[in-house]
**Q** 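Structure provided below as structure tokens; questions to follow.
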Amino acid sequence: MRTKNIEEEEEEVEEEEEFEEAEEEEEEEISIKAETPQNTPPSIVLTVTYDGKVGKALVKLYDPVNDRVYFWYDNTGHRPYLLTNVKPEELVTKFAKVILHPGFSHLEVVEKYDPLNDTKVVLTKVVAKDPLSIGGRADSIRELLPKTWESRIRYHLCYIYDNEIVPGMFYKIEDGRLVPVPIEIPSEVEDFVKKLYSNDPDFLEESRRWIPLFQAPVPNIKRLAVDIEVFTPQENRIPNPREASYEIISIGLAGSDGLRKVLVLRRPGMELKPEDLDDLMYDDVEVEFFDSEYEMLREFFTILLQYPILITFNGDNFDLPYIYHRALKLGFRKEEIPIIIRRNEASIPLGIHIDLYKFFNIRAIEVYAFGGKYRGMDRTLDTIANAIVGMSKLSRDKTVSHMSYVELINYNFRDAFLALYLTTYDNNLVLRLIMLMSRISKTPPDDLVRSQISAWIRNMLYYEHRRRGWLIPDKEDIIKIKGDVATKAIIKGKKYAGAIVLDPMPGIYPNVFVLDFASMYPSVIKRWNISYETVKCPDEKAKNNRPIPELPHWVCNDRRGLTALIVGLLRDLRAYVYKKLAKTAQDPALRSYYNVVQSALKVFINASYGVLGADIFPLYCPPAAELTTALARYVLSRTVLKALELGLVPIYGDTDSLFIWNPDENKLKELIEWVEKEFGIEIELDKVYRLVAMSGRKKNYVGILSDGELDIKGLVGKKRNTPDFAKEAFNEVVHLLSTIKSLDDVNKVIEEVRSKVREYYKKLQRREIPLNKLAIRTTLTKPLEAYTKNTPQHVKAALQLKNLGYKVEPGDVITYVKTTGKEGVKPIQLARIDEVDPNKYIEYLRTSLEQVLDAFGIEFESVMGSSIIDNYS
DNA sequence: GCGGACTGCTTACCT
DNA sequence: ACAGGTAAGCAGTCCGCG
């Protein structure tokens, strides 16, 4: 009998192995091909892949002017390889298995710069005939050698790095060669950068390579959004796409070229009267009926082949595998189906497939590109479209199987349209964002939408290593050489100390100025030259160069840190060039484009520090991350001291912000200038609050901006899992308190608050508040059986649901109420209003209101007191 | 056997 | 599946107490 712990450990190991496997090259076998001309007009690189049949890297290009896809196959003889420190002669004698490997091609000797050890190294390059001979199989060459470098890089990415191909940029085929198309740089940009970096040739040179990526336009690439509806005999059962047992009853198609079409399967017993068509929601949608599903799919394949980009919502795991397997069942041969199915993704032979479900699930996209607009919601097309473009799916009261033709057509087309619209709204914002991020990260768009930010930044930096002839270090070597961290995190289980949060004084403060260190961590990284190779570098001389005495880490100043250079450059270009151009460019269309550029840059800048401290990141370097946060703490605390010295009154600060109460504006200016001079990083006035109510708790305040807008931070009344009634009470009280204009109002307003609270109290006691307003909504983050340490309330409720046959999975939001019963909770589906425990909800009322009342120095009890007496009198 | 003090787990938030 | 810091609620444990 095995113990739980061993099982858990084994599970973890299995997960890691899966992750590794996913990194391996999956060879694409392409049977439907585009033309391969010797010369083409400027075309955009859609993706780079490895064509297993041809045995070569393949670049897929799209020519937006002539609406054509071109294939360019490698003709430089580039092959997959790895690097090893085993000498060629030793390979022959001691590692003959490598030479005898069926995939072995030849050996080369290469010289590289090893940034970790700051030395030149001579290594053996083992070249293979195909990617799987390098790695990915149990007997790959990688497994035969004691030590290898760069052997885990997927071949198509390796090809991109070596040939300096930037996905999403313009290239043309010229006499069979793939050449970049020069991009014109506006003189205002050129001049500005020249001035900015007049004393910094490294940055100036690097900026020249990057600016074209941002100046090249993103064309409105033709694309087709697809959504299918499948007959389902049972309600609430999603058909299995591998089995594809049921008919595809319709296919919704929406193209950026104006195509609006639904293919519909005629089914027995279903009639369509001509007048029914009057109920079509969209009169310009073309409807085509088919007697055979086979013919319908054939028509679909014909249309699909006319588009370089396919857009779906969850097409990787549902629509495309379903269509594929259904087509096989109906008698199509593999080569006739223009869909390629892999383990976790689906692609198309001529172009690329973008699964928006995957894209919107990328954390960095959710947080930095969309400002958390759909945070904490479920990730359906309906919620995401609603949150981002304010459009919903059509509501339905029956399954698609029970819909009339017209209902089906309306429903199906809307879904396809929504998927397309998510890429076209706001001047193709999402398409532009994807393409720009592909350029920055050197990640093909189809990879980009399926990977997290750590993979993007990895690709970005690997590319820079190769371009410079640097050896890409082995992750274990970085950890071995850089050693341990020197600080302790406050939070148990974290690796090193992070940000500093100042203790706020409770109270009401009029006229509060909020200063903000603009992208604090990236600025610190640039200013102190932080990079995995510069922090704790091997150079003895550098050991005296410790940026802060409290930390033993030193930094090399002789050579420019790669991370410092790239992150610093991206930060500068965003702050000084593209944020400005987004406001000042003459042409509104250009302003909108520059705004996407600055958003794309923001995603990378904001995540650049985080990856340094993330152990899944291949250039993971804890001391570098630790030094970054330590310097940020140092900068903020020194700034507080200086503010006090100047007679300013800092009342709060968190990580990179400083709240100053009613400052003398000259002193404030002096502080800002001091910071820039002292640290060489910028601090700016972020906002001015007419009034701030500090509850006395950290990360917890209400501010009123000059336009009257409320900034509510961290308060319980705002949290997603707070019952609606408590949120309402909170909002009403905040609103009442915000009407206080002068001291004279205070008593009157407090009296209003008192009666408001009393009203809620009575309603709770009389059970007049409906169940849905009492419901607590908590996310289940793990499978039920993984809650081994204790059983939180939402898990108790989820268990009750499970016992009744409901399916409960991680990510589900459990909605429950607190009851007087034994368990103390009931899922809302099972609860009655008379079972709820009013006392528990009075506690909710208390906490959510206390946080705001504290700021006004009002005791919750003093507000409640009379109401309790009322109740019993 | 019960309640208060305490610790640890869990979730949602802030920067 | 980019980081650490904070608030809050609850589960579970320990300890004292005739």
Side-chain angles (χ1 to χ4, degrees), chain A residues 15-16 18-19 22-23 358 361-368 372 375-376 450-458 485 487-504 514 516-517 519-522 603-622 624-626 628-630 632-633 636 652-658 686 695-701 711-722 776-782 786-796 813-814 818 824-825 840 843-844 846-848 850-851:
Chain A
E15 272 173 30
E16 265 173 41
E18 257 179 49
F19 184 73
E23 292 273 308
K358 295 253 171 93
N361 262 309
I362 299 169
R363 269 207 44 93
I365 291 299
E366 176 199 325
V367 178
Y368 304 130
R375 187 188 59 199
R450 291 172 179 82
S451 54
Q452 296 289 334
I453 188 93
S454 58
W456 308 353
I457 296 182
R458 174 200 68 200
V485 290
T487 59
K488 247 189 80 179
I490 295 174
I491 308 168
K492 197 185 133 220
K494 300 288 184 186
K495 291 163 292 202
Y496 55 88
I500 184 175
V501 187
L502 309 182
D503 229 331
V514 181
D516 191 90
F517 289 87
S519 29
M520 172 74 114
Y521 290 155
V603 174
F604 287 82
I605 294 161
N606 283 348
S608 59
Y609 146 75
V611 295
L612 276 182
D615 57 11
I616 51 141
F617 183 61
L619 301 174
Y620 172 52
C621 184
E626 179 182 38
T628 307
T629 58
R633 291 195 299 275
L636 184 64
Y652 179 59
D654 184 348
T655 314
D656 57 2
S657 65
L658 199 53
D686 185 32
S695 71
R697 299 156 183 82
K698 294 174 175 182
K699 301 180 187 287
N700 202 295
Y701 61 87
D711 247 359
I712 300 171
K713 299 290 182 182
L715 276 65
V716 167
K718 204 191 145 184
K719 293 202 177 189
R720 204 159 37 78
N721 55 358
T722 301
I776 299 158
R777 283 171 254 271
T778 309
T779 312
L780 198 68
T781 60
K782 306 185 278 194
Y787 290 86
T788 51
K789 319 263 166 145
N790 54 21
T791 314
Q793 297 199 318
H794 67 294
V795 177
K796 283 189 178 136
V813 176
I814 309 297
K818 300 194 183 211
V825 293
K840 300 269 174 60
E843 283 309 303
Y844 260 103
R846 175 200 298 278
T847 37
S848 43
E850 247 171 9
Q851 293 183 344

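The sequence lines fix the lettering, A, B, ..., with proteins before strands; numbering per chain opens at 1.
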**Q** Do the ring planes of His794(A) and Tyr787(A) sit parallel (below 30°), tilted (30 to 60°) or perpendicular (above 60°)?
**A**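 The arrangement is perpendicular - the two ring planes meet at more than 60°.
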**Q** How many whole angstroms separate atom CH2 of Trp456(A) from atom P of dA1(C)?
**A**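 In whole Å, dA1(C) P and Trp456(A) CH2 are 16 Å from each other.
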**Q** Applying a 4.0 Å non-hydrogen cut-off, can you work out what Val795(A) is touching in the nucleic acid: base, sugar-phosphate, or nothing?
**A**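 No contact.
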**Q** dA12(B) phosphate, OP1 or OP2: any side-chain N/O from Thr779(A) under 4.0 angstrom?
**A**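 The answer is yes; a side-chain N or O of Thr779(A) sits under 4.0 Å from OP1 or OP2.
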**Q** Can you find a side chain N or O atom of Lys492(A) that sits less than 4.0 Å from OP1 or OP2 on dG4(C)?
**A**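 No.
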**Q** For Ser454(A) and dC2(C), is the shortest distance between a side-chain N/O and OP1 or OP2 below 4.0 Å?
**A**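 Checking dC2(C) against Ser454(A), a side-chain N or O does come within under 4.0 Å of OP1 or OP2.
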**Q** Using only side-chain N and O atoms of Arg697(A), determine if any of them is under 4.0 Å from OP1 or OP2 of dC14(B).
**A**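 It does not, given that no N or O in the side chain of Arg697(A) lies less than 4.0 Å from OP1 or OP2 of dC14(B).
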**Q** Checking all strands, does Ser451(A) fall into the base, sugar-phosphate, or nothing category for heavy-atom contacts under 4.0 angstrom?
**A**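 Nothing, no nucleic acid heavy atom in range.
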**Q** Would you indicate what Glu843(A) reaches in the nucleic acid, counting non-hydrogen atoms under 4.0 angstrom: base, sugar-phosphate, or nothing?
**A**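 Glu843(A): no heavy atom of the nucleic acid under 4.0 Å.
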**Q** Would you say the side chains of Ser695(A) and Gln851(A) form a donor-acceptor pair under 3.5 Å?
**A**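 Not at all, the side chains of Ser695(A) and Gln851(A) share no donor-acceptor pair under 3.5 Å.
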**Q** Measure from OH on Tyr787(A) to P on dT10(B) and round the result to the nearest Å.
**A**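 In whole Å, dT10(B) P lies 7 Å from Tyr787(A) OH.
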**Q** Are any of His794(A)'s side-chain N or O atoms less than 4.0 Å away from OP1 or OP2 of dT10(B)?
**A**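 Looking at the OP1 and OP2 atoms of dT10(B), neither is under 4.0 Å from any side-chain N or O of His794(A).
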**Q** In this structure, how many angstroms lie between the C1' atom of dC14(B) and the CZ atom of Phe517(A), rounded?
**A**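 Rounded to the whole Å, the gap is 17 Å.
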**Q** Establish, with yes or no, whether the OP1 or OP2 oxygen of dT6(C) is under 4.0 angstrom from a side-chain nitrogen or oxygen of Lys698(A).
**A**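 So the side-chain polar atoms of Lys698(A) do come within 4.0 Å of the phosphate oxygens OP1 or OP2 of dT6(C), strictly under.
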**Q** Do Lys699(A) and dC14(B) share a donor-acceptor pair, side chain to base, under 3.5 Å?
**A**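 Yes, the side chain and the base share a sub-3.5 Å donor-acceptor pair.
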**Q** Examine the base of dC2(C) for any acceptor or donor lying under 3.5 Å from a partner atom in the side chain of Tyr521(A), and report the outcome as yes or no.
**A**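 No.
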**Q** Taking NZ, NE, NH1 and NH2 as the nitrogens, is one of them in Lys699(A) or Asp654(A) under 4.0 Å from a carboxylate oxygen of the other?
**A**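 Yes, this pair counts.
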**Q** Lys719(A) NZ to dT10(B) P: how many Å, rounded?
**A**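 Answer to the nearest Å: 17 Å.
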**Q** Expressed as a whole number of Å, how far does the P atom of dT10(B) sit from that of dA1(C)?
**A**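 It works out to 15 Å between them.
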**Q** Answer yes or no: does a side-chain N or O of Lys713(A) lie under 4.0 Å from OP1 or OP2 of dT6(C)?
**A**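 The answer is no; no side-chain N or O of Lys713(A) sits under 4.0 Å from OP1 or OP2.
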**Q** Side chain of Arg720(A), heavy atoms from C-beta onward: which of dC2(C), dC13(B), dA3(C) has the nearest atom to it?
**A**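 Nearest listed nucleotide: dC13(B).
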**Q** Taking any heavy-atom pair under 4.0 Å as a contact, classify Ser608(A): base, sugar-phosphate, or nothing.
**A**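 Counting heavy atoms under 4.0 Å across all strands, no contact is made by Ser608(A).
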**Q** Quick one: label Tyr368(A) by what it contacts on the DNA or RNA (base, sugar-phosphate, nothing), any heavy atom closer than 4.0 Å.
**A**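 Base contact.
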**Q** Under 4.0 Å, heavy atoms only, any strand: does Ile491(A) hit a base, just the sugar-phosphate, or nothing?
**A**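 The residue Ile491(A) makes base contact.
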**Q** Taking for each residue the nucleotide of DNA chain C bearing the nearest heavy atom, is the 5' side occupied by Lys796(A) or by Lys494(A)?
**A**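 Its nearest nucleotide lies further toward 5', so the answer is Lys494(A).
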**Q** Closest approach to the side chain of Ile453(A), judged atom by atom: which nucleotide of dG12(C), dC2(C), dA12(B) is it?
**A**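 Closest of the options to the side chain of Ile453(A): dC2(C).
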**Q** dG4(C), dG5(C), dT10(B): which one has an atom nearest the side-chain heavy atoms of Ile490(A)?
**A**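 Of all the options, the side chain of Ile490(A) is nearest to dG5(C).
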**Q** Judged by each residue's nearest nucleotide on DNA chain B, which is more toward the 5′ side, Asp654(A) or Asn721(A)?
**A**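 Its nucleotide being nearer the 5' end, the pick is Asn721(A).
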**Q** For Ala497(A), which contact category applies under a 4.0 Å heavy-atom criterion: base, sugar-phosphate, or nothing?
**A**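 Sugar-phosphate contact only.
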**Q** I'd like to know if the side chain of Arg458(A) and the backbone of Leu619(A) have a donor-acceptor N/O pair within less than 3.5 Å.
**A**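 Flag not set: sc Arg458(A) to bb Leu619(A) has no pair under 3.5 Å.
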**Q** Under 4.0 angstrom, heavy atoms only, what part of the nucleic acid is Thr847(A) near: base, sugar-phosphate, or nothing?
**A**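 Here Thr847(A) touches the backbone only, sparing every base.
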**Q** For Ala499(A), answer base if it contacts any base atom (sugar-phosphate contacts may also be present), sugar-phosphate if it contacts only those atoms, and nothing otherwise; contact means non-hydrogen atoms under 4.0 Å.
**A**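 It contacts sugar-phosphate atoms only.
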**Q** Calculate the interatomic distance between Ile457(A) atom CD1 and dA3(C) atom P; express it in whole Å.
**A**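 That distance rounds to 12 Å.
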**Q** So Gly610(A), base contact, sugar-phosphate only, or nothing? Heavy-atom distance under 4.0 Å.
**A**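 If one applies the 4.0 Å heavy-atom cut-off, Gly610(A) turns out to touch a base.
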**Q** What does Lys488(A) touch in the nucleic acid at a heavy-atom separation under 4.0 angstrom: a base, only the sugar-phosphate, or nothing?
**A**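 No contact.
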**Q** What nucleotide, of dA7(C), dC2(C), dA12(B), holds the atom closest to the side chain of Asn700(A)?
**A**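 For Asn700(A), the side-chain atoms sit closest to dA7(C).
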**Q** Give a yes or no on whether a salt bridge exists between Arg846(A) and Glu843(A), defined as a side-chain N under 4.0 angstrom from a carboxylate O.
**A**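 Judged by the 4.0 Å cut-off on N to carboxylate O distance, Arg846(A) and Glu843(A) do form a salt bridge.
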**Q** Between dC14(B) atom P and Gln851(A) atom CD, what is the distance in whole Å?
**A**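 It works out to 11 Å between those atoms.
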**Q** Take atom CD of Glu366(A) and atom P of dA1(C), then tell me their distance rounded to the nearest Å.
**A**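 It works out to 13 Å between those atoms.
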**Q** Does the side chain of Val501(A) reach to within under 4.5 Å of the side chain of Tyr652(A), using non-hydrogen atoms?
**A**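 The answer is yes; the side chains approach within 4.5 Å.
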**Q** Looking at Lys789(A), I'd like to know if its NZ atom is crowded, meaning that more than 12 non-hydrogen atoms belonging to other residues, nucleotides or ligands lie closer than 6.0 Å.
**A**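 Check fails, neighbour count at 12 or below.
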**Q** Using a 4.0 Å heavy-atom cut-off, does Tyr496(A) contact any base of the nucleic acid, only the sugar-phosphate backbone, or nothing at all?
**A**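 Sugar-phosphate only.
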**Q** Within the side chain of Thr487(A), is there an N or O that forms a donor-acceptor pair under 3.5 Å with the backbone of Ala497(A)?
**A**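 Confirmed, Thr487(A) side chain pairs with Ala497(A) backbone.
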**Q** Whole-Å distance between dG4(C) P and Arg633(A) CZ?
**A**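 Whole-Å distance recorded here is 12 Å.
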